[in-house]
Amino acid sequence: MRMGTHVRDLAEATPVTRDRYIDLLRVLSLGTVVLGHWLMAAVTTDGVGNLLAVVPELQLLTWVLQVMPVFFFVGGFSHALSYRSLLRRSPEDSTGSVYPSFLRARLQRLLRPTMVFVLVWGVAALVVQLLGGGGGLTGVTLRLVTQPLWFIGIYLAMVAFTPALLKLHDRLGWGAFAALAGAAATVDLLRFAAGVPYVEFLNFAFVWLAVHQLGFLRADGRIRRPALLAGTGLVAAVALVALGPYPLSMVGMPGEKISNMAPPTLALLGHGLWLVGAVELLRAPGSRLVAVPRVWRAVVAANGVAMTAFLWHLTAMLGVYGTMLALGLPLPEPATGAWWAQAPVRMTVAAAVTAVLVAAFRTFERPARVAAPSRGSGGAGAVAAIGVTLALLGVLGLSMVGYAGLLEGHTALLIAVHVSAPAAVAMALGGWLLVERAGR
(Lines give C-alpha, C1' and ligand atoms only; values in the text may rest on other atoms or scores of the structure.)
Protein backbone atom coordinates (compact mmCIF):
# COMPACT_ATOMS: atom_id res chain seq x y z
CA MET A 1 0.00 0.00 0.00
CA ARG A 2 1.33 3.44 -0.88
CA MET A 3 2.24 5.69 2.03
CA GLY A 4 -0.22 8.42 1.00
CA THR A 5 -3.11 5.97 0.73
CA HIS A 6 -2.22 4.41 4.09
CA VAL A 7 -2.16 7.81 5.80
CA ARG A 8 -5.44 8.86 4.21
CA ASP A 9 -7.13 5.64 5.32
CA LEU A 10 -5.85 6.07 8.89
CA ALA A 11 -6.96 9.70 8.98
CA GLU A 12 -10.44 8.88 7.72
CA ALA A 13 -10.78 5.98 10.18
CA THR A 14 -9.99 8.17 13.20
CA PRO A 15 -12.76 7.85 15.83
CA VAL A 16 -14.61 11.07 16.57
CA THR A 17 -13.79 10.56 20.25
CA ARG A 18 -10.02 10.77 19.69
CA ASP A 19 -8.32 13.84 21.14
CA ARG A 20 -6.53 15.00 18.00
CA TYR A 21 -4.99 17.99 19.76
CA ILE A 22 -2.82 15.59 21.78
CA ASP A 23 -1.48 14.12 18.53
CA LEU A 24 -0.73 17.62 17.28
CA LEU A 25 1.18 18.44 20.47
CA ARG A 26 3.23 15.25 20.10
CA VAL A 27 4.30 16.20 16.58
CA LEU A 28 4.96 19.85 17.36
CA SER A 29 7.01 19.10 20.48
CA LEU A 30 9.32 16.63 18.76
CA GLY A 31 9.55 18.88 15.70
CA THR A 32 10.58 21.81 17.88
CA VAL A 33 13.31 19.72 19.52
CA VAL A 34 14.67 18.70 16.12
CA LEU A 35 14.69 22.26 14.77
CA GLY A 36 16.27 23.49 18.00
CA HIS A 37 19.12 20.98 17.73
CA TRP A 38 19.76 21.94 14.12
CA LEU A 39 19.81 25.63 14.95
CA MET A 40 21.90 25.42 18.14
CA ALA A 41 24.71 23.40 16.58
CA ALA A 42 27.68 25.75 16.18
CA VAL A 43 30.07 23.68 14.07
CA THR A 44 33.52 24.96 13.13
CA THR A 45 36.69 23.27 11.95
CA ASP A 46 37.66 23.08 15.65
CA GLY A 47 34.60 21.10 16.74
CA VAL A 48 30.93 21.42 17.70
CA GLY A 49 29.75 24.12 20.10
CA ASN A 50 26.43 25.58 21.17
CA LEU A 51 24.94 28.75 19.69
CA LEU A 52 23.46 29.60 23.08
CA ALA A 53 26.97 29.78 24.53
CA VAL A 54 28.12 32.02 21.68
CA VAL A 55 25.11 34.35 22.08
CA PRO A 56 24.00 34.03 25.74
CA GLU A 57 21.09 36.42 25.18
CA LEU A 58 19.40 33.71 23.11
CA GLN A 59 19.11 31.49 26.19
CA LEU A 60 15.83 33.24 27.01
CA LEU A 61 14.33 31.52 23.95
CA THR A 62 14.66 28.19 25.75
CA TRP A 63 11.73 29.28 27.95
CA VAL A 64 9.55 28.75 24.89
CA LEU A 65 11.50 26.29 22.78
CA GLN A 66 12.50 23.75 25.47
CA VAL A 67 9.33 21.73 24.92
CA MET A 68 10.34 18.28 26.13
CA PRO A 69 7.95 18.71 29.10
CA VAL A 70 5.08 18.93 26.61
CA PHE A 71 6.05 15.58 25.08
CA PHE A 72 6.19 13.92 28.51
CA PHE A 73 2.83 15.51 29.42
CA VAL A 74 1.35 14.05 26.22
CA GLY A 75 2.92 10.71 27.13
CA GLY A 76 1.15 10.69 30.50
CA PHE A 77 -2.20 11.32 28.81
CA SER A 78 -1.65 8.51 26.28
CA HIS A 79 -0.32 6.03 28.85
CA ALA A 80 -3.33 6.55 31.10
CA LEU A 81 -5.76 5.86 28.25
CA SER A 82 -3.80 2.85 27.00
CA TYR A 83 -3.43 1.17 30.39
CA ARG A 84 -7.07 1.68 31.31
CA SER A 85 -8.14 0.32 27.93
CA LEU A 86 -6.14 -2.86 28.49
CA LEU A 87 -7.62 -3.24 31.97
CA ARG A 88 -11.12 -3.06 30.51
CA ARG A 89 -10.27 -5.67 27.87
CA SER A 90 -8.58 -8.09 30.28
CA PRO A 91 -10.34 -11.10 31.82
CA GLU A 92 -11.45 -10.82 35.42
CA ASP A 93 -8.61 -11.02 37.97
CA SER A 94 -5.92 -11.15 35.28
CA THR A 95 -4.38 -7.74 35.90
CA GLY A 96 -1.01 -9.47 36.30
CA SER A 97 -1.05 -10.09 32.56
CA VAL A 98 -1.92 -6.48 31.72
CA TYR A 99 1.48 -5.05 32.69
CA PRO A 100 3.63 -6.97 30.16
CA SER A 101 1.03 -6.40 27.44
CA PHE A 102 0.96 -2.69 28.28
CA LEU A 103 4.75 -2.44 28.13
CA ARG A 104 4.95 -4.20 24.79
CA ALA A 105 2.12 -2.15 23.32
CA ARG A 106 3.64 1.19 24.44
CA LEU A 107 7.27 0.33 23.72
CA GLN A 108 7.10 -1.28 20.29
CA ARG A 109 7.18 2.00 18.40
CA LEU A 110 9.84 3.28 20.78
CA LEU A 111 12.30 0.41 21.16
CA ARG A 112 12.18 -1.18 17.71
CA PRO A 113 13.41 1.90 15.82
CA THR A 114 15.79 2.68 18.70
CA MET A 115 17.40 -0.75 18.55
CA VAL A 116 17.84 -0.44 14.79
CA PHE A 117 19.48 2.97 15.26
CA VAL A 118 21.77 1.60 18.00
CA LEU A 119 22.85 -1.41 15.93
CA VAL A 120 23.37 0.49 12.66
CA TRP A 121 25.48 3.14 14.36
CA GLY A 122 27.34 0.50 16.37
CA VAL A 123 28.39 -1.33 13.22
CA ALA A 124 29.30 1.94 11.48
CA ALA A 125 31.39 3.08 14.45
CA LEU A 126 33.22 -0.24 14.59
CA VAL A 127 34.02 -0.15 10.87
CA VAL A 128 35.19 3.48 11.01
CA GLN A 129 37.53 2.83 13.93
CA LEU A 130 38.87 -0.43 12.51
CA LEU A 131 39.84 1.55 9.42
CA GLY A 132 41.72 4.06 11.55
CA GLY A 133 39.09 6.81 11.55
CA GLY A 134 37.37 8.45 14.45
CA GLY A 135 39.18 11.78 14.58
CA GLY A 136 37.92 15.30 13.95
CA LEU A 137 34.23 15.75 13.21
CA THR A 138 33.84 11.98 12.78
CA GLY A 139 34.87 11.41 16.38
CA VAL A 140 32.56 14.17 17.57
CA THR A 141 29.73 12.59 15.59
CA LEU A 142 30.34 9.19 17.16
CA ARG A 143 30.05 10.84 20.55
CA LEU A 144 27.07 13.10 19.85
CA VAL A 145 24.64 10.99 17.83
CA THR A 146 23.65 8.89 20.84
CA GLN A 147 23.09 11.80 23.25
CA PRO A 148 19.35 12.23 22.48
CA LEU A 149 18.84 8.66 23.70
CA TRP A 150 18.55 10.06 27.23
CA PHE A 151 15.01 11.01 26.24
CA ILE A 152 14.25 7.38 25.34
CA GLY A 153 15.56 6.23 28.71
CA ILE A 154 13.39 8.69 30.65
CA TYR A 155 10.36 7.75 28.58
CA LEU A 156 10.95 4.07 29.32
CA ALA A 157 10.85 4.88 33.03
CA MET A 158 7.57 6.74 32.58
CA VAL A 159 5.98 3.76 30.85
CA ALA A 160 7.30 1.37 33.50
CA PHE A 161 5.92 3.44 36.39
CA THR A 162 2.55 4.19 34.78
CA PRO A 163 0.48 1.48 36.54
CA ALA A 164 1.74 2.38 40.03
CA LEU A 165 1.51 6.15 39.53
CA LEU A 166 -1.89 5.86 37.87
CA LYS A 167 -3.19 4.08 40.99
CA LEU A 168 -1.72 6.88 43.08
CA HIS A 169 -3.40 9.40 40.80
CA ASP A 170 -6.77 7.64 41.06
CA ARG A 171 -6.51 7.85 44.84
CA LEU A 172 -5.01 11.32 45.32
CA GLY A 173 -5.52 13.27 42.08
CA TRP A 174 -3.59 16.55 42.32
CA GLY A 175 -2.13 15.26 45.57
CA ALA A 176 -0.03 12.73 43.64
CA PHE A 177 1.45 15.52 41.53
CA ALA A 178 2.05 17.60 44.66
CA ALA A 179 3.90 14.69 46.28
CA LEU A 180 6.26 14.35 43.31
CA ALA A 181 6.77 18.12 43.10
CA GLY A 182 7.48 18.21 46.84
CA ALA A 183 10.01 15.42 46.44
CA ALA A 184 11.72 17.40 43.66
CA ALA A 185 11.86 20.49 45.89
CA THR A 186 13.31 18.43 48.75
CA VAL A 187 16.00 17.05 46.47
CA ASP A 188 17.06 20.55 45.40
CA LEU A 189 17.05 21.71 49.02
CA LEU A 190 19.31 18.83 50.02
CA ARG A 191 21.51 19.50 47.01
CA PHE A 192 21.98 23.24 47.29
CA ALA A 193 21.42 23.96 51.00
CA ALA A 194 22.85 20.84 52.62
CA GLY A 195 25.34 19.80 49.95
CA VAL A 196 24.26 16.16 49.98
CA PRO A 197 26.26 14.44 47.20
CA TYR A 198 24.54 12.65 44.32
CA VAL A 199 21.02 13.36 45.63
CA GLU A 200 20.34 15.57 42.59
CA PHE A 201 20.09 12.52 40.34
CA LEU A 202 16.81 11.56 42.00
CA ASN A 203 15.22 14.45 40.16
CA PHE A 204 15.56 12.62 36.88
CA ALA A 205 12.62 10.68 38.30
CA PHE A 206 10.75 13.22 40.43
CA VAL A 207 10.72 16.15 37.98
CA TRP A 208 9.87 14.23 34.82
CA LEU A 209 7.36 11.95 36.54
CA ALA A 210 5.63 15.02 37.98
CA VAL A 211 5.22 16.41 34.45
CA HIS A 212 4.03 12.97 33.32
CA GLN A 213 1.46 13.03 36.16
CA LEU A 214 -0.04 16.17 34.63
CA GLY A 215 -0.94 14.01 31.64
CA PHE A 216 -3.02 11.77 33.92
CA LEU A 217 -4.83 14.86 35.21
CA ARG A 218 -5.46 15.96 31.62
CA ALA A 219 -6.88 12.52 30.77
CA ASP A 220 -9.43 12.92 33.57
CA GLY A 221 -10.31 16.50 32.64
CA ARG A 222 -8.88 17.87 35.89
CA ILE A 223 -6.80 20.71 34.45
CA ARG A 224 -9.63 23.22 34.64
CA ARG A 225 -7.67 26.44 35.15
CA PRO A 226 -4.75 26.35 32.71
CA ALA A 227 -4.08 30.08 33.05
CA LEU A 228 -3.46 29.61 36.77
CA LEU A 229 -1.20 26.63 36.04
CA ALA A 230 0.80 28.57 33.45
CA GLY A 231 1.07 31.65 35.65
CA THR A 232 2.14 29.69 38.72
CA GLY A 233 4.78 27.80 36.78
CA LEU A 234 6.15 30.92 35.11
CA VAL A 235 6.31 32.94 38.33
CA ALA A 236 8.00 30.03 40.13
CA ALA A 237 10.58 29.52 37.38
CA VAL A 238 11.36 33.25 37.18
CA ALA A 239 11.74 33.52 40.96
CA LEU A 240 13.97 30.45 41.18
CA VAL A 241 16.26 31.68 38.40
CA ALA A 242 16.35 35.25 39.73
CA LEU A 243 16.88 34.42 43.40
CA GLY A 244 18.39 30.94 43.42
CA PRO A 245 21.35 29.11 41.97
CA TYR A 246 19.50 28.09 38.81
CA PRO A 247 20.81 29.16 35.38
CA LEU A 248 18.74 31.06 32.81
CA SER A 249 18.89 28.37 30.12
CA MET A 250 16.35 25.56 30.26
CA VAL A 251 18.66 23.33 28.20
CA GLY A 252 22.11 22.08 29.11
CA MET A 253 25.04 24.39 28.38
CA PRO A 254 28.65 23.29 27.81
CA GLY A 255 30.87 23.77 30.84
CA GLU A 256 28.14 24.96 33.21
CA LYS A 257 28.45 24.01 36.87
CA ILE A 258 24.68 23.78 37.34
CA SER A 259 22.26 22.65 34.65
CA ASN A 260 18.48 22.82 34.72
CA MET A 261 18.37 19.71 32.55
CA ALA A 262 20.98 17.24 33.70
CA PRO A 263 19.82 16.53 36.29
CA PRO A 264 16.47 18.34 36.14
CA THR A 265 15.78 21.03 38.73
CA LEU A 266 12.77 22.58 40.41
CA ALA A 267 13.15 25.49 37.97
CA LEU A 268 12.65 23.10 35.07
CA LEU A 269 9.52 21.75 36.77
CA GLY A 270 8.20 25.31 36.99
CA HIS A 271 9.01 25.69 33.30
CA GLY A 272 7.08 22.49 32.60
CA LEU A 273 4.04 23.80 34.45
CA TRP A 274 4.16 27.02 32.44
CA LEU A 275 4.33 25.13 29.15
CA VAL A 276 1.55 22.69 30.02
CA GLY A 277 -0.70 25.54 31.07
CA ALA A 278 0.16 27.43 27.87
CA VAL A 279 -0.67 24.55 25.53
CA GLU A 280 -3.91 23.93 27.41
CA LEU A 281 -4.86 27.56 26.88
CA LEU A 282 -4.36 26.99 23.16
CA ARG A 283 -6.46 23.82 23.18
CA ALA A 284 -9.58 25.27 21.53
CA PRO A 285 -7.87 26.89 18.50
CA GLY A 286 -5.51 23.91 18.22
CA SER A 287 -8.44 21.49 18.13
CA ARG A 288 -10.13 23.53 15.42
CA LEU A 289 -6.93 23.51 13.38
CA VAL A 290 -6.40 19.77 13.59
CA ALA A 291 -10.06 19.16 12.68
CA VAL A 292 -9.24 20.37 9.15
CA PRO A 293 -8.84 17.14 7.09
CA ARG A 294 -5.65 18.22 5.34
CA VAL A 295 -4.01 19.23 8.61
CA TRP A 296 -5.10 16.02 10.32
CA ARG A 297 -3.61 13.91 7.50
CA ALA A 298 -0.31 15.76 7.96
CA VAL A 299 -0.40 15.08 11.70
CA VAL A 300 -1.15 11.38 11.12
CA ALA A 301 1.72 11.11 8.65
CA ALA A 302 4.15 12.89 10.98
CA ASN A 303 3.15 10.79 14.00
CA GLY A 304 3.84 7.65 11.99
CA VAL A 305 7.52 8.54 11.57
CA ALA A 306 8.17 10.93 14.47
CA MET A 307 10.41 8.63 16.50
CA THR A 308 12.47 7.62 13.46
CA ALA A 309 12.98 11.27 12.53
CA PHE A 310 13.98 12.11 16.10
CA LEU A 311 16.53 9.30 16.25
CA TRP A 312 18.22 10.19 12.96
CA HIS A 313 18.02 14.00 12.86
CA LEU A 314 21.45 14.54 14.43
CA THR A 315 22.95 12.05 11.99
CA ALA A 316 21.52 14.13 9.15
CA MET A 317 22.74 17.44 10.58
CA LEU A 318 26.28 16.25 11.28
CA GLY A 319 26.34 14.61 7.86
CA VAL A 320 25.56 17.97 6.26
CA TYR A 321 28.39 19.66 8.15
CA GLY A 322 30.78 16.81 7.38
CA THR A 323 29.98 17.04 3.68
CA MET A 324 30.58 20.80 3.73
CA LEU A 325 33.99 20.31 5.33
CA ALA A 326 34.90 17.51 2.93
CA LEU A 327 33.97 19.64 -0.10
CA GLY A 328 35.78 22.68 1.21
CA LEU A 329 32.59 24.76 1.37
CA PRO A 330 32.67 27.87 3.55
CA LEU A 331 31.74 27.35 7.19
CA PRO A 332 31.19 30.82 8.69
CA GLU A 333 31.87 31.62 12.33
CA PRO A 334 28.72 30.92 14.42
CA ALA A 335 26.31 33.82 14.98
CA THR A 336 27.87 36.01 12.28
CA GLY A 337 25.74 37.48 9.51
CA ALA A 338 27.06 34.90 7.04
CA TRP A 339 26.26 32.08 9.48
CA TRP A 340 22.66 33.25 9.90
CA ALA A 341 22.26 33.68 6.15
CA GLN A 342 23.47 30.12 5.59
CA ALA A 343 21.32 28.60 8.38
CA PRO A 344 18.10 28.15 6.32
CA VAL A 345 20.03 26.30 3.62
CA ARG A 346 21.77 24.01 6.12
CA MET A 347 18.51 23.21 7.88
CA THR A 348 16.68 22.57 4.61
CA VAL A 349 19.36 20.13 3.50
CA ALA A 350 19.35 18.47 6.94
CA ALA A 351 15.57 18.06 6.64
CA ALA A 352 15.99 16.46 3.21
CA VAL A 353 18.63 14.04 4.52
CA THR A 354 16.41 13.21 7.49
CA ALA A 355 13.55 12.46 5.09
CA VAL A 356 15.81 10.01 3.22
CA LEU A 357 16.77 8.29 6.48
CA VAL A 358 13.12 8.15 7.55
CA ALA A 359 12.22 6.53 4.24
CA ALA A 360 14.93 3.93 4.85
CA PHE A 361 14.04 3.09 8.46
CA ARG A 362 10.37 4.00 8.96
CA THR A 363 9.19 0.41 8.57
CA PHE A 364 10.61 -0.39 12.03
CA GLU A 365 8.24 2.13 13.60
CA ARG A 366 5.16 0.18 12.50
CA PRO A 367 4.11 -1.97 15.46
CA ALA A 368 2.54 -5.37 15.23
CA ARG A 369 -0.99 -5.73 16.58
CA VAL A 370 -1.05 -6.36 20.31
CA ALA A 371 -3.77 -8.74 21.43
CA ALA A 372 -5.84 -8.24 24.54
CA PRO A 373 -4.12 -9.67 27.64
CA SER A 374 -5.18 -13.12 28.75
CA ARG A 375 -4.73 -15.19 31.87
CA GLY A 376 -1.15 -16.21 32.25
CA SER A 377 1.76 -16.64 34.59
CA GLY A 378 2.53 -13.81 36.96
CA GLY A 379 6.15 -14.34 35.97
CA ALA A 380 5.53 -12.44 32.74
CA GLY A 381 5.21 -9.23 34.73
CA ALA A 382 8.56 -9.82 36.43
CA VAL A 383 10.22 -10.57 33.08
CA ALA A 384 8.75 -7.39 31.62
CA ALA A 385 9.97 -5.34 34.60
CA ILE A 386 13.49 -6.75 34.28
CA GLY A 387 13.41 -6.14 30.55
CA VAL A 388 12.37 -2.50 30.74
CA THR A 389 14.96 -1.87 33.48
CA LEU A 390 17.75 -3.34 31.36
CA ALA A 391 16.61 -1.40 28.30
CA LEU A 392 16.41 1.81 30.32
CA LEU A 393 19.91 1.42 31.75
CA GLY A 394 21.36 0.41 28.40
CA VAL A 395 19.88 3.34 26.52
CA LEU A 396 20.87 5.85 29.21
CA GLY A 397 24.36 4.38 29.34
CA LEU A 398 24.79 4.64 25.58
CA SER A 399 23.57 8.25 25.62
CA MET A 400 26.41 9.03 28.03
CA VAL A 401 29.28 7.00 26.61
CA GLY A 402 28.61 7.29 22.85
CA TYR A 403 30.51 5.30 20.25
CA ALA A 404 33.78 7.26 20.26
CA GLY A 405 36.71 5.29 21.65
CA LEU A 406 34.89 2.04 21.02
CA LEU A 407 38.10 0.03 20.48
CA GLU A 408 39.85 1.72 23.41
CA GLY A 409 37.23 0.56 25.89
CA HIS A 410 35.98 4.06 26.67
CA THR A 411 33.44 4.12 29.52
CA ALA A 412 31.12 6.58 31.26
CA LEU A 413 29.72 6.64 34.78
CA LEU A 414 26.13 5.41 35.04
CA ILE A 415 24.69 5.31 38.57
CA ALA A 416 28.09 4.67 40.18
CA VAL A 417 29.04 2.01 37.60
CA HIS A 418 31.32 2.54 34.61
CA VAL A 419 29.64 1.29 31.45
CA SER A 420 31.11 0.79 27.97
CA ALA A 421 29.26 1.11 24.68
CA PRO A 422 29.19 -2.69 24.02
CA ALA A 423 27.81 -3.30 27.53
CA ALA A 424 25.16 -0.59 27.07
CA VAL A 425 24.11 -2.04 23.71
CA ALA A 426 23.88 -5.54 25.20
CA MET A 427 21.68 -4.30 28.05
CA ALA A 428 19.40 -2.34 25.74
CA LEU A 429 19.02 -5.18 23.25
CA GLY A 430 18.54 -7.82 25.94
CA GLY A 431 15.95 -5.68 27.71
CA TRP A 432 14.00 -5.12 24.52
CA LEU A 433 13.92 -8.84 23.77
CA LEU A 434 12.65 -9.59 27.29
CA VAL A 435 9.85 -7.02 26.95
CA GLU A 436 8.86 -8.50 23.59
CA ARG A 437 8.85 -12.02 25.02
CA ALA A 438 6.87 -11.09 28.14
CA GLY A 439 4.16 -9.31 26.17
CA ARG A 440 3.38 -12.19 23.82
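Atoms considered below: every heavy atom in the structure, side chains included; atoms not considered: hydrogens, waters and symmetry mates.
Using cut-offs of 30° and 60° on the angle between ring planes, the pair F151 and Y155 is tilted. Between F310 and H313, the ring planes lie tilted relative to each other; the angle falls in the 30° to 60° range. Ring pair W312/F361 is parallel by interplanar angle, where below 30° counts as parallel and above 60° as perpendicular.
Counting non-hydrogen atoms of neighbouring residues, nucleotides and ligands closer than 6.0 angstrom, the CD atom of E333 reaches no more than 12 such neighbours. The number of heavy atoms from other shown groups lying within 6.0 Å of CZ (F161) does not exceed 12. A 6.0 Å sphere centred on CZ of R222 holds more than 12 heavy atoms belonging to other residues, nucleotides or ligands.
With a 4.5 Å cut-off on side-chain heavy atoms, V199 and T186 do not count as touching. Contact check for H79 versus F102: side-chain heavy atoms found under the 4.5 Å cut-off. In this structure, Y403 and T141 have side chains that are not in contact, with every pair of non-hydrogen atoms separated by 4.5 Å or more. Side-chain contact between V320 and V353 is present, with at least one heavy-atom pair separated by less than 4.5 Å. Side-chain contact between L273 and F177 is present, with at least one heavy-atom pair separated by less than 4.5 Å. When side chains are defined from C-beta on, L217 counts as touching L214, because their heavy atoms get closer than 4.5 Å. The closest side-chain heavy-atom distance from L119 to V425 is below 4.5 Å. A 4.5 Å side-chain heavy-atom check between R26 and F71 finds at least one atom pair inside the cut-off.
With respect to E436 and R104, a salt bridge is recorded, a charged nitrogen being found less than 4.0 Å from a carboxylate O. Salt-bridge check for K167 with D170: failed, with every basic side-chain N at 4.0 Å or more from each acidic carboxylate O. R283 has a carboxylate O that lies under 4.0 Å from a charged side-chain N of E280, or vice versa, which qualifies the two as a salt bridge.
With rounding to the nearest 0.5 Å, the separation of CG in L65 from CG in L35 is 9.5 Å. In this structure, the separation between CZ on F216 and CG on L81 is 10.5 Å, given to the nearest 0.5 Å. Residue N260 holds its CG atom at 10.0 Å from CG of L266, rounded to the nearest 0.5 Å. Rounding to the nearest 0.5 angstrom, the gap separating the CD atom in Q108 from the CE atom in M307 is 14.0 Å. Between atom CD of residue Q147 and atom CG of residue L398 there is a gap of 11.0 Å, rounded to the nearest 0.5 Å. Atom CG of D19 and atom OG of S287 lie 6.0 Å apart (nearest 0.5 Å).
Here the closest heavy-atom approach between residue L281 and residue P226 is recorded as CD2-CG, 3.7 Å. Taking all atoms of both residues into account, the shortest heavy-atom contact from L414 to L396 is CD1-CB, 4.2 Å. Here the closest non-hydrogen pair linking A80 and A219 is CB-CB, 4.1 Å. Minimum heavy-atom separation, A316 to T354: CB-OG1, 3.2 Å. In terms of heavy-atom proximity, A384 sits nearest to V435 at O-CG2, 4.0 Å. Annotation for L314 and P148: closest pair CD1-CG, 3.3 Å, computed over non-hydrogen atoms.
For the pair D23 (side chain) and N303 (backbone), a donor-acceptor distance under 3.5 Å is absent. A donor-acceptor contact shorter than 3.5 Å links the side chain of W274 to the backbone of W63. Formation of a donor-acceptor pair under 3.5 Å by the S399 side chain with backbone atoms of L149 is not found in this model. Within the 3.5 Å criterion, the main-chain N or O of Q66 finds a donor-acceptor partner in the side chain of H271. A donor-acceptor contact shorter than 3.5 Å is absent between the side chain of S82 and the backbone of S78. A side-chain donor-acceptor contact under 3.5 Å links T62 to the backbone of Q59. E365 places a side-chain N or O within donor-acceptor distance of the main-chain N or O of T308, the cut-off being under 3.5 Å. A donor-acceptor contact shorter than 3.5 Å links the side chain of Y99 to the backbone of A160.
A cation-pi arrangement is found for R218 relative to F77, the charged atom lying closer than 6.0 Å to the ring centre and inside a 45° cone about the ring normal.
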Step by step, work out the side-chain hydrogen bond (donor to acceptor under 3.5 Å, both in side chains) result for T162 and R106.
-> CA-CA 11 Å; T162 287; R106 299 309 298 171; over 6 Å; no
Apply the test side-chain hydrogen bond (donor to acceptor under 3.5 Å, both in side chains) to residues T315 and W121: give CA-CA distance (whole Å), side-chain angles for both, the deciding distance (0.1 Å), then the verdict.
-> CA-CA 10 Å; T315 301; W121 259 112; 2.9 Å; yes
Which is it for L275 and F73 under the side chain to side chain contact (heavy atoms under 4.5 Å, CB included) test, yes or no, and what are the steps along the way?
-> CA-CA 10 Å; L275 283 182; F73 163 68; over 6 Å; no
Mind running side chain to side chain contact (heavy atoms under 4.5 Å, CB included) on R112 and W432 for me, showing each step along the way?
-> CA-CA 8 Å; R112 288 180 65 202; W432 170 57; 3.7 Å; yes
I would like to know whether R297 and V300 meet side chain to side chain contact (heavy atoms under 4.5 Å, CB included); could you show each step before the answer?
-> CA-CA 5 Å; R297 285 195 295 270; V300 171; 5.6 Å; no
For L137 and V48, run side chain to side chain contact (heavy atoms under 4.5 Å, CB included): C-alpha distance rounded to whole Å, both residues' side-chain angles, the deciding distance at 0.1 Å, then the answer.
-> CA-CA 8 Å; L137 185 59; V48 180; 3.8 Å; yes
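Inspection of the T14 and W296 side chains reveals an N or O donor paired with an N or O acceptor under 3.5 Å. For R191 and T265, the side-chain atoms include no donor-acceptor pair closer than 3.5 Å.
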